[in-house]
Novice: 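Below is one structure. I have some questions about it.
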Amino acid sequence: INLNKPSKPMTNMNKRANPNQNVNQNQNLNQNLRSQNAGKPQQKIMIKRFKSGIINNIVKNEKEMSNITYRIQSYLNKNIRYNVLFYSKVDGDKAATFHKKCDKARKSLVLIMDTNGNRFGGFTMRDWGGNCIQKKDEKAFIFSLDKNKIYGILPDQVAIGCYPAFGPIFFGCQIRVYDNFFTKGGSTYLKGLNYATEEDYELTNGNQAYGIKELEVYEVKEVQINQ
């Protein structure tokens, strides 16, 4: 799917959202960052969000997410916003932390920037909980922000893997994140396994293994709209 195709406007997405929600969440993230860095040389990190709730970090502008958001909204038949669950600049790179913060989310979006600057991720409507469990999800998809493409799940295929020793896994190992991912990174695999990728290692421009610079996970929340 080409993300450059025009999509329906999302003018009412945040009509009932608390106008201070982004500010409060940013303050909480900054407070967590300060507490984790207590006693260390201070590094100021400004956390800004778009109206949808996505942090202005991996995603460069709201338009990059518009068709991804529209696709999710079409599944739910409701407008949505994104609530951050895991932010690697604050939460680090441990698989255990990812699972602690993300396992209960029923609908989630994963965003990754690798050390070569490739930006990609995936969406699932299944939770990440379980001990070495594989889960199907006919609405799951992976995507490349840089290539402007979405790759849907293939028929009757496993969508995600829930393994305590790993971060998020979109199956066929199209996206696989290792524990201590700032050091160990992640990997991808050949085309057409589980998801409809068209080239080998397509998400990372031909690299099977990749370093991870940033990782964000969001819970997708439905937003009720006043009629």
Side-chain angles (χ1 to χ4, degrees), residues 1-30 32-33 44-91 101-102 105-114 116-125 139-152 168 170 175 195 202-205 212-227:
I1 295 177
N2 191 319
L3 297 190
N4 288 320
K5 288 184 179 179
S7 60
K8 294 184 179 179
M10 296 171 286
T11 54
N12 294 324
M13 177 181 295
N14 300 293
K15 185 174 288 187
R16 288 185 60 184
N18 183 343
N20 295 318
Q21 186 169 7
N22 285 353
V23 175
N24 293 338
Q25 289 181 337
N26 291 353
Q27 289 174 343
N28 290 338
L29 281 172
N30 282 313
N32 290 342
L33 187 62
K44 189 174 182 180
I45 299 176
M46 298 302 296
I47 300 172
K48 297 182 180 180
R49 295 170 184 269
F50 300 113
K51 289 182 179 180
S52 65
I54 295 288
I55 296 172
N56 182 359
N57 182 41
I58 296 175
V59 175
K60 296 177 181 178
N61 56 68
E62 195 84 87
K63 186 177 179 180
E64 287 192 312
M65 287 294 298
S66 62
N67 279 37
I68 294 171
T69 297
Y70 178 67
R71 181 167 177 141
I72 298 172
Q73 287 180 156
S74 71
Y75 292 155
L76 303 175
N77 200 28
K78 291 183 180 179
N79 282 15
I80 62 171
R81 68 170 291 108
Y82 301 98
N83 290 345
V84 65
L85 296 174
F86 182 95
Y87 182 38
S88 62
K89 283 187 176 180
V90 174
D91 297 312
K101 289 179 169 286
C102 303
R106 288 302 185 100
K107 299 177 286 290
S108 62
L109 182 90
V110 176
L111 288 171
I112 297 171
M113 179 188 289
D114 73 15
N116 290 320
N118 299 303
R119 299 172 305 140
F120 54 92
F123 168 78
T124 180
M125 295 183 69
K139 293 182 170 61
F141 60 85
I142 59 176
F143 57 86
S144 167
L145 289 175
D146 301 301
K147 295 178 183 294
N148 294 324
K149 289 183 177 180
I150 293 175
Y151 313 93
F170 287 84
I175 298 174
Y195 293 87
E202 185 166 358
L203 299 178
T204 54
N205 280 318
I212 295 178
K213 183 178 180 180
E214 305 284 356
L215 191 149
E216 302 165 5
V217 183
Y218 297 86
E219 184 176 20
V220 177
K221 300 291 287 186
E222 299 172 9
V223 178
Q224 298 295 332
I225 302 299
N226 286 327
Q227 300 298 325

Novice: Among residues at least two apart in sequence or on other chains, which ones pass side chain to side chain donor-acceptor pair (under 3.5 Å) with Asn118?
Specialist: Asp114, Asn205

Novice: Side chains of Glu62 and Ser52: donor-acceptor distance under 3.5 Å anywhere?
Specialist: yes

Novice: Less than 4.5 Å apart, side chain to side chain, heavy atoms only: is that true for Lys101 and Val217?
Specialist: no

Novice: Do Leu109 and Phe143 make a side-chain contact, defined as non-hydrogen atoms from C-beta onward lying under 4.5 Å apart?
Specialist: yes

Novice: What pair of heavy atoms forms the shortest contact from Glu202 to Tyr151, and how long is it?
Specialist: OE2-OH, 2.9 Å

Novice: Are Leu111 and Leu145 close enough that some pair of their side-chain heavy atoms sits under 4.5 Å apart?
Specialist: yes

Novice: Tell me every residue that passes side-chain contact (heavy atoms from CB on, under 4.5 Å) with Glu219, counting only those two or more places apart in sequence or in another chain.
Specialist: Leu85, Ala105, Lys221

Novice: Under 4.5 Å between any side-chain heavy atoms of Phe50 and Met65, yes or no?
Specialist: no

Novice: Whether the side chain of Arg81 engages the backbone of Lys51 through a donor-acceptor N/O pair (distance < 3.5 Å, no angle test) should be reported.
Specialist: yes

Novice: Checking Lys107 now: which residues fulfil salt bridge (charged side-chain N to carboxylate O under 4.0 Å, His left out) with it, not counting sequence neighbours?
Specialist: Glu222

Novice: Under 3.5 Å, side chain of Asn67 to main-chain N/O of Tyr70, donor-acceptor pair present?
Specialist: no

Novice: In Å, rounded to the nearest 0.5 Å, how long is the span from OG of Ser144 to NZ of Lys149?
Specialist: 8.5 Å

Novice: Once ring-ring contact (aromatic ring centres under 6.0 Å, His included) is applied, do any residues pair with Phe123, and if so which ones, sequence neighbours excluded?
Specialist: Phe141

Novice: Over all heavy atoms of both residues, which pair between Gly152 and Arg71 is shortest? Give the atoms and the distance, please.
Specialist: CA-NH2, 4.0 Å

Novice: Identify the two heavy atoms, one from Leu215 and one from Pro168, that lie closest to each other, and give their separation to 0.1 Å.
Specialist: CD1-CG, 4.4 Å

Novice: Rounded to the nearest 0.5 Å, how far does CD of Glu64 lie from OG1 of Thr69?
Specialist: 11.5 Å

Novice: I'd like to know if the side chain of Asn79 reaches the main chain of Val223, judged simply by a donor and an acceptor atom lying under 3.5 Å from each other, with no hydrogens or angles considered.
Specialist: no

Novice: Suppose we screen for side chain to side chain donor-acceptor pair (under 3.5 Å). Which residues come up paired with Tyr218, at least two apart in sequence or across chains?
Specialist: Glu216

Novice: Nearest 0.5 Å please: distance from the CD1 atom of Ile112 over to the CD1 atom of Ile212.
Specialist: 5.0 Å

Novice: Tell me, with the steps shown, if Met125 and Leu76 meet side-chain contact (heavy atoms from CB on, under 4.5 Å).
Specialist: CA-CA 10 Å; Met125 295 183 69; Leu76 303 175; 3.5 Å; yes

Novice: Any heavy-atom pair between the side chains of Ile72 and Val220 that's under 4.5 Å?
Specialist: yes

Novice: Just jot down the ring-ring contact (aromatic ring centres under 6.0 Å, His included) partners of Tyr195, sequence neighbours excluded, or say none.
Specialist: none

Novice: Got a sec: does the CG of Asn77 have more than 12 other heavy atoms crowding it under 6.0 Å?
Specialist: no

